[in-house]
Structures are given as C-alpha cells and as structure tokens.
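So the structure is just underneath, and the comments pick up after that.
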Amino acid sequence: MVPRGTTIQLYTDGGQGLVIGPDELDVWSQVFCAAAVDAGTGLHNLVLHGGDDLANDQLASDLERGGHTLIRPGVDGMPDPIRLCTGTPRTCPPPVDPFGEEVTHDCGGLLGLLGRLPGPQGVVHWLECASITDTRRPVTTPERAEQRTHVAWDPNWVPDEAAQRAIARVNRRIVRAASDRTIVNFVIGGSAFLIGDSRLPDPFSCHHPMHAYYVRELQADNLVHGKIRVRRPWWENGWFDVAGVPQHRETLVRECIARFAPHKGIGFVELRTRQAPSPSGGAGGKGARSHR
C-alpha cells in the first residue's frame, strides 16, 4: 500500500535502453511515465537490481536535476536489490493508528527508508531501464574485443536479442541527431538493419564491429542499400520516408524501426535514380510505392 503523502510515478525506457553522452538527450527525455500511483493504492512489490553502470556520473547528474534525491541499488551503501517493501501485508504498513496518527512503512525497503526521512515524502520517481550505454567510454575491453573478434568470424553467427537491442540503440542515436528532411543511409543484411553515421569516413563503423561484419561479410550476397529521409515537422510526431527496400523486406524494416522509434510513421518509396531525359522531355525516376 502506498503510504499517505506519497505518490509513486513509474518511469520506463520502453525496453530501448538509455544512452548517455555529450551528444545525447538527458535521461528524463529518454523515458516516459507509464503510471502514477497515489497514496492508499495497492501496488506490486517492485524490485530494482543494480549494475556497474549505475555509478555513472552523467547518469547521476541527469537524474538529480530538479533537486531529486538519488537512490540507486548497490551505490552509496544502498542494498542491491532495492524493493519497495520488505515487510508482509500484515505488518507493513502497520494497522491504522487508533488515535489517527499517520502511519508509515517500517521496513528495509524504499518505502521504509522514506518513512524515516524527515519532512513530507512527496513524489517517488521509480525508473526502470533495460540497459545503460555511455558513449564517452570505449565499448570494449581488450578481453571482450578478443572474444567478440572470435565470435564475429564464426560463419554461423546471427544477431540475438541482445545484439538487436545494441543495433537499435545506435540507430536511435543517429536518427535523433537528424533534423527535419535529413537523409541517412542504411544497409540490410540478414536480420540486421544498420543506419550509418554520415559524419564518419566509414558510416557504419559506429556499429559494433561484429554487427557490421555480419552484414557486410556473412550477408554479402544478400545486401540491400537504401536511404531514409527523416521527417520531423513541428506539428506532429514525424515519420520516416524509407527508400530502396524490396517489398519482401518491408516487414523486417518495420520491426527494426519499431525497436528504436516505435511511435514514428513509416512510408516506403522507390529509390530514385538519375536517367537521361526522354525524347518528350519528361523527367526520369520512379515515384512512391506506398505511404504512411
């Protein structure tokens, strides 16, 4: 039961993972509030698990904005995991005080900790995320690099769920940095959909070498190159014009885009090519195949 004077707001990253770095949005801009639970309302006994990335200084700076008191499992002496409540339904919170005094949780969970703090408890922002990636740090250690190089050369390797999430994080970072009508390149190979960063000499080097190797080498006979025009008008959420995708690959592209931009519309168009003018003076090229 949520105690009197407290509201718990449940935040999530939608399974996309948080990306931290000088060119990234702050953490609060990467999550959304899925629910708000008021005092007196029952709630499942939620659990937060710790990890090495939770001690990140940029993460702490983003989350403490607005005067928030930051509590992280396994950091600054906090337990790992952290539960909302470690009592039982009969003992926590205790029965209502017969004299009308306010009662609070008296346990080792987060609600018990809040009950022992002075002053009003206010709003709890409970944030769950799938992963944390810091773009300021190298993505591999020498040991991991050796391991991943070995895996990359495995001719039977295919992207698993973790690899697909990692690819989606890079794709999301690139399209978020794109302004309205910006055009970015992509490549499809097997089950992977990689968007390139045109600011780099090798646009697809922003992805993990194993993922780029899978697309370029293991799927060399099955590559599809195309372009995305990012549409971000001020009056709506925006959409992607996707050019160069064969119809039999459209489902894969939709699934991959949904991983990093689930609320964006998608329009498939033909990739225009330059052609010599016709005798009648008409322009060459192909038009749209389908729209949002």
Determine whether a donor-acceptor pair (N or O, by modelled atom type, separation under 3.5 Å) exists between the side chain of [X] and the backbone of [Y].
X: D80; Y: G50; value: yes
X: H211; Y: F193; value: no
X: Y11; Y: C129; value: no

Student check: side-chain heavy atoms of [X] and [Y] closer than 4.5 Å:
X: H207; Y: I167; result: yes
X: N222; Y: R249; result: yes
X: R169; Y: F260; result: no
X: V230; Y: F240; result: yes
X: L10; Y: L46; result: yes
X: R83; Y: L110; result: no
X: F204; Y: V215; result: no

State the [atom1]-[atom2] distance between [X] and [Y], to the nearest 0.5 angstrom.
X: R165; Y: R172; atom1: CZ; atom2: CZ; answer: 12.0 Å
X: L223; Y: E217; atom1: CG; atom2: CD; answer: 9.0 Å
X: I174; Y: T182; atom1: CD1; atom2: OG1; answer: 12.5 Å
X: H263; Y: I257; atom1: NE2; atom2: CD1; answer: 14.5 Å
X: T7; Y: H125; atom1: OG1; atom2: NE2; answer: 10.0 Å

message: Run F186 and N171 through side chain to side chain contact (heavy atoms under 4.5 Å, CB included) and show every step you take.
response: CA-CA 9 Å; F186 69 81; N171 289 343; over 6 Å; no
[X] to [Y] - nearest heavy-atom pair and separation:
X: K264; Y: G238; value: CD-O, 3.8 Å
X: Y214; Y: S191; value: OH-N, 3.2 Å
X: W126; Y: L48; value: CZ2-CG, 3.3 Å
X: D180; Y: R231; value: OD1-NE, 3.0 Å
X: D160; Y: A163; value: OD1-N, 2.8 Å
X: R173; Y: C206; value: NH2-O, 4.2 Å

task: Using the rule that two of Ile, Leu, Val, Met, Phe, Trp, Tyr join whenever any of their side-chain heavy atoms come within less than 4.5 Å, decide whether L194 and V158 are in one cluster.
output: yes
query: Hey, quick one: are V47 and L111 part of the same hydrophobic cluster, counting side-chain heavy atoms closer than 4.5 Å, chains of contacts allowed?
result: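 No, V47 does not connect to L111 through the hydrophobic network.
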message: Go through it in stages, so that I can follow the logic: the residues are I8 and L84, the test is side chain to side chain contact (heavy atoms under 4.5 Å, CB included), and I'd like the CA-CA distance, side-chain angles, deciding distance and then a yes or no.
response: CA-CA 10 Å; I8 300 179; L84 274 179; 4.1 Å; yes
field: Evaluation steps, side chain to side chain contact (heavy atoms under 4.5 Å, CB included), between F268 and R254
entry: CA-CA 10 Å; F268 291 97; R254 289 186 184 276; 3.5 Å; yes
- request: Show the numbers, then the answer: is there a side chain to side chain contact (heavy atoms under 4.5 Å, CB included) between I188 and L252?
  value: CA-CA 9 Å; I188 305 171; L252 171 69; 3.7 Å; yes
